[in-house]
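Inspection log for the structure reproduced underneath, given as structure tokens.
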Amino acid sequence: VQLQASGGGLVQPGGSLRLSCVASGSRFSIMAVGWYRQAPGKQRELVAAIDSGGSTNYPDYVKDRFTISRDNAKNTVYLQMNSLKPEDTGVYFCALSGRSHARYVYEYDYWGQGTLVTVSS
């Protein structure tokens with residue numbers, strides 16, 4: 001399985017970006033997908049997750065600002081990010097789990113290369 005993330009870039013505070021991640025393989029629809037981010041000098045942290053049934057999970061620091069969705073026909077997961085803040089800056093990674101539901105980072109088996117998001121004026 002390979003993952004290709006795209007959509008990162010430079011955006012002003014308060015702006016929006018939409019990230020996309022395309023996965024290879026035929027089992028995408030039954031796999032949980034997550035978006036993680038990593039800022040310089042910080043640990044990788046969960047941004048959003050969606051299971052095979054479409055249930056989503058967000059940490060408090062992005063809740064009501066970020067939305068994860070998936071299009072199984074296109075093997076693609078999206079991350080819509082609104083009201084971006086400078087602290088949202090980092091490399092964003094999509095990840096795929098062999099499980100239908102994943103809660104922890106170690107449950108993700110495949111990782112994309114990351115796309116850089118910079119929120120700055």
Side-chain angles (χ1 to χ4, degrees):
V1 176
Q2 292 185 328
L3 299 169
Q4 182 70 42
S6 62
L10 174 64
V11 62
Q12 293 186 341
S16 298
L17 278 177
R18 189 175 84 151
L19 306 183
S20 300
C21 179
V22 181
S24 64
S26 60
R27 298 177 58 240
F28 177 81
S29 64
I30 62 173
M31 303 171 85
V33 187
W35 283 98
Y36 281 76
R37 69 186 181 194
Q38 189 165 19
K42 295 188 176 181
Q43 288 190 332
R44 192 169 295 192
E45 61 181 6
L46 175 70
V47 173
I50 186 167
D51 67 16
S52 61
S55 295
T56 57
N57 178 43
Y58 305 95
D60 288 343
Y61 43 84
V62 304
K63 195 170 290 184
D64 298 327
R65 298 190 299 123
F66 290 11
T67 302
I68 188 172
S69 60
R70 63 191 300 163
D71 184 340
N72 291 333
K74 296 182 179 180
N75 274 24
T76 301
V77 62
Y78 303 98
L79 182 68
Q80 177 66 44
M81 305 186 293
N82 299 327
S83 302
L84 283 161
K85 304 175 181 180
E87 51 263 44
D88 294 318
T89 294
V91 179
Y92 282 67
F93 300 89
C94 57
L96 207 58
S97 172
R99 305 166 185 244
S100 60
H101 177 81
R103 185 177 179 88
Y104 303 105
V105 64
Y106 63 80
E107 294 179 310
Y108 289 93
D109 304 293
Y110 309 99
W111 292 83
Q113 86 289 358
T115 185
L116 177 63
V117 172
T118 304
V119 184
S120 175
S121 55

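What you see is a predicted model, and the numbers here were worked out from it, not measured in a lab.
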**OP:** Output yes when a side-chain donor or acceptor of T89 lies under 3.5 Å from a complementary backbone atom of V119, and no otherwise.
**Re:** yes

Subject >> Closest non-hydrogen atom pair between Q38 and K42, with its separation >> reply: NE2-O, 3.1 Å

Subject >> Single-linkage hydrophobic cluster, 4.5 Å side-chain cutoff, I30 and Y108 together >> reply: no

Original post:
Does A5 offer a backbone N or O that forms a donor-acceptor pair with the side chain of Q113 under 3.5 Å?
Top reply: yes

Original post:
Do the side chains of V117 and M81 get nearer than 4.5 Å, heavy atoms only?
Top reply: yes

Original post:
Thinking salt bridges, do D60 and K63 make one under a 4.0 Å N-O criterion?
Top reply: yes

Original post:
Is it true that a side-chain atom of R70 and a backbone atom of F28 form a donor plus acceptor pair closer than 3.5 Å?
Top reply: yes

**OP:** Indicate yes or no for a side-chain donor-acceptor contact from S97 to the backbone of E107 under 3.5 Å, with no hydrogens or angles considered.
**Re:** yes

**OP:** Assign the ring pair F66 / Y92 to parallel, tilted or perpendicular, where the plane angle (0 to 90°) is split at 30° and 60°.
**Re:** tilted

Original post:
Does the side chain of S16 pick up a donor-acceptor pair with the side chain of N82 at under 3.5 Å?
Top reply: yes

Original post:
Under a 4.5 Å side-chain heavy-atom rule over Ile, Leu, Val, Met, Phe, Trp and Tyr, are V77 and V1 clustered together?
Top reply: yes

Original post:
Can you find a heavy atom in the side chain of S24 that is under 4.5 Å from one in the side chain of N75?
Top reply: no

Subject >> Transitive ILVMFWY side-chain link Y58 to V47, under 4.5 Å >> reply: yes

Original post:
N57 pairs by side chain to side chain contact (heavy atoms under 4.5 Å, CB included) with which of I50, D51, I68, L46?
Top reply: L46

**OP:** Using a 4.5 Å cut-off on heavy atoms from C-beta on, say whether the side chain of M31 contacts that of D109.
**Re:** no

Subject >> Separation of Q80 CD from L19 CG (nearest 0.5 Å) >> reply: 9.0 Å

Original post:
Between D71 and T76, is there a donor-acceptor pair closer than 3.5 Å when you use the side chain of the first and the backbone of the second?
Top reply: no

Original post:
Do other residues, nucleotides or ligands put more than 12 heavy atoms under 6.0 Å from the CD atom of E87?
Top reply: yes

Original post:
Does L3 share a hydrophobic cluster with Y36, counting links as ILVMFWY side-chain heavy atoms below 4.5 Å and allowing steps through other members?
Top reply: no

Original post:
Would a hydrophobic clustering, with Ile, Leu, Val, Met, Phe, Trp and Tyr connected at side-chain separations under 4.5 Å, put V91 with V11?
Top reply: no

Original post:
Hey, what do you get for SG (C21) to CG (L96), rounding to the nearest 0.5 Å?
Top reply: 7.5 Å

